[in-house]
Amino acid sequence: MKGKEINWSELPFGYVKADYNVRCTYKDGEWGPIEVSDSEYVSLHIASSCLHYGQESFEGLKAFRGKDGKVRVFRMEENAKRFIRSAEGIAMQPMPVEKFCEMVRMVVKLNENIIPPYGTGASLYIRPLEIGISPKVGVSPSSEYMVIMLVTPVGPYFKTGFKPGRVCLSREYDRVAPKGTGSIKIGGNYAASLVAGEKAHQLGYGVMLYLDPKEKKYLDECGAANFYGVKGNTYVTPASETILPSITNKSLRQIARDMGMNVEERHILYDELKDFDEVGACGTAAVCSPIGEIVDIDNGTKFEYGMDTVGPVTQKLYDTIRGIQNGEIEDKHGWTEIIEFD
Ligand code: PLP
Ligand code: COI
């Protein structure tokens, strides 16, 4: 796909073929050179540990074309560190931060033609993934690994765009186990969320909001995003060992503090849903997406926040984080790296 053939403003959050991806293999105790590929396929041993036992982790980060024409990648060292935690969480070889960052810079530069223009609302989504590639029949970790980074230009994650969406909640589904893998980004968590996600879609909701898997009392993950609520001058988000520590949420918490808000990371009781002025879902793909209503599909209780307008705090958080990503607002925390094109 050539950049000039893409209708940037209408892009969904989907896959568009890029000219190149980059790959790096861990073999004989060391990471090899970064290789450039123009193939959309990988050739795997039929007994690879990723295929049988789910030794797979991934990341998601974005590059943005700013008003000044520069391309900025948002907080890639944070993704690199989480990629290490995810690898360690399923006994894979972690990739050093610097190698990860080198691969990100390379894959962005190689695909300059599909970095969405400023002002279209679209961005370049970077998807790193790691897989165990040694043949395994007994259940044990691979000795060889491959990291692949692909890119695709994306638009808004939710079909509604930056407008309030509808979310459902149910106690019938767990995304992860209480002491399981919820705080790392591995494919298995997402496989385990597909049935709940499809249920939400069938019923006309964007995503499923989970309660904590142990007591079913506290708000947990919101689909593939973190949950946050706003009450007066306070930004509240779950402190939970079963949610992914979102880099977007961490950034929004800092922005909220910079705005003079109180920030609370704590368990949030289900009953508190009725008290929030605004609620939303945040993540790289979701940015901060307003939620207009949450319906408890187990008992029909509806929590309404307004389907017509975006709350002022969510709007300000969104404008600020997107402004930093586009280079329009001063990046005083040093979150972005400008990619130098030769
Ligand atoms: N929670 C889950 C389950 C996710 O998949 C994601 C997406 O990465 C997030 C939260 C948000 O994390 P981040 O802001 O680092 O993208
Ligand atoms: C992200 O926000 O980057 C995600 O990973 C969400 C989803 C596409 C898995």
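Computed from a predicted structure; not experimentally measured. Ligands are counted one by one from 1 in listed order, and the atoms in each one are counted from 1 as well. Residue indices begin at 1 and follow the sequence shown.
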* Find out if a path of hydrophobic residues (ILVMFWY) with successive side-chain heavy-atom gaps under 4.5 Å connects F83 to L129. => no
* Which residue and non-hydrogen atom of the protein lie closest to atom 3 (C) of ligand 1, and at what distance in Å? -> E221 OE2, 3.2 Å
* To do: Give the numbers and elements of all ligand 1 atoms closer than 4.0 Å to a heavy atom of S246.
  => 11 (C), 12 (O), 13 (P), 14 (O), 15 (O)
* **Basic-acidic side-chain contact under 4.0 Å: E35, R23** => no
* Structure fact -> shortest atom 5 (O) of ligand 1-to-protein heavy-atom contact is with Y190 OH, 2.4 Å
* To do: Under the ring pair (Phe, Tyr, Trp, His ring centres under 6.0 Å) rule, what do Y305 and F276 come out as? Steps first, then yes or no, please.
  => CA-CA 8 Å; Y305 308 96; F276 289 119; 7.4 Å; no
* Asked: Between Y157 and ligand 2, is there a nitrogen or oxygen pair with a distance under 3.5 Å?
  -> no
* Structure fact -> Honestly, for A225 the part within reach of ligand 1 (heavy atoms, under 4.0 Å) is backbone
* Asked: E59: heavy atom below 4.0 Å from ligand 1, yes or no?
  -> no
* **ligand 2 atoms in contact with Y125 (distance to a heavy atom under 4.0 Å)** => 1 (C), 3 (O), 4 (C), 5 (O)
* Could you find the nearest protein heavy atom to atom 2 (O) of ligand 2 and give me its residue, atom name and distance? => A285 N, 2.8 Å
* Are a donor atom and an acceptor atom from the side chains of S134 and S142 found within less than 3.5 Å of each other? -> yes
* Asked: Just which atoms of ligand 1 are under 4.0 Å from any heavy atom in N226?
  -> 1 (N), 10 (C)
* To do: Go through the side-chain N and O atoms of D258 and H333 and say whether any donor and acceptor fall under 3.5 Å apart.
  => yes
* Asked: So which protein heavy atom does atom 9 (C) of ligand 1 come closest to, and at what separation?
  -> A224 O, 3.7 Å
* Asked: In the protein, what heavy atom is nearest to atom 8 (C) of ligand 2, and what distance, to one decimal place, separates them?
  -> F13 CE2, 3.6 Å
* Of the non-hydrogen atoms in K62 and V154, which two are nearest, and what is the gap between them? -> CE-CG2, 4.0 Å
* Asked: Same cluster or not: are V73 and I34 linked, directly or through other Ile, Leu, Val, Met, Phe, Trp or Tyr residues, by side-chain heavy atoms under 4.5 angstrom apart?
  -> yes
* What residue and atom, counting heavy atoms only, is the protein's closest point to atom 7 (C) of ligand 1, and at what distance? -> K185 NZ, 3.2 Å
* Stacked cation flag R171 on Y210, 6.0 angstrom / 45 deg -> no
* Answer yes or no: are there more than 12 heavy-atom neighbours, outside K179 itself, under 6.0 Å from its atom NZ? => no
* Answer yes or no: does an N/O atom from R175 fall short of 3.5 Å to an N/O atom of ligand 1? => no
* **Between Y118 and D68, a side-chain donor and acceptor under 3.5 Å** => no
* Asked: Is there a heavy atom of R82 sitting under 4.0 angstrom from any atom of ligand 1?
  -> yes
* **NZ/NE/NH1/NH2 to OD/OE distance under 4.0 Å, R175 and E221** => yes
* To do: Consider every N or O of T284 and every N or O of ligand 1, then say whether any pair is closer than 3.5 Å.
  => yes
* Asked: Hey, does K185 sit under 4.0 Å from ligand 2 if you only count heavy atoms?
  -> yes
* Can K250 be said to touch ligand 1, with heavy atoms closer than 4.0 Å? -> no
* **Candidate pair Y157 and Y125, rule ring pair (Phe, Tyr, Trp, His ring centres under 6.0 Å), full reasoning** => CA-CA 11 Å; Y157 186 55; Y125 188 70; 8.8 Å; no
* Asked: Between G223 and ligand 1, is there a nitrogen or oxygen pair with a distance under 3.5 Å?
  -> no
* Identity and separation of the nearest protein heavy atom to atom 9 (C) of ligand 2 -> Y190 CE2, 3.8 Å
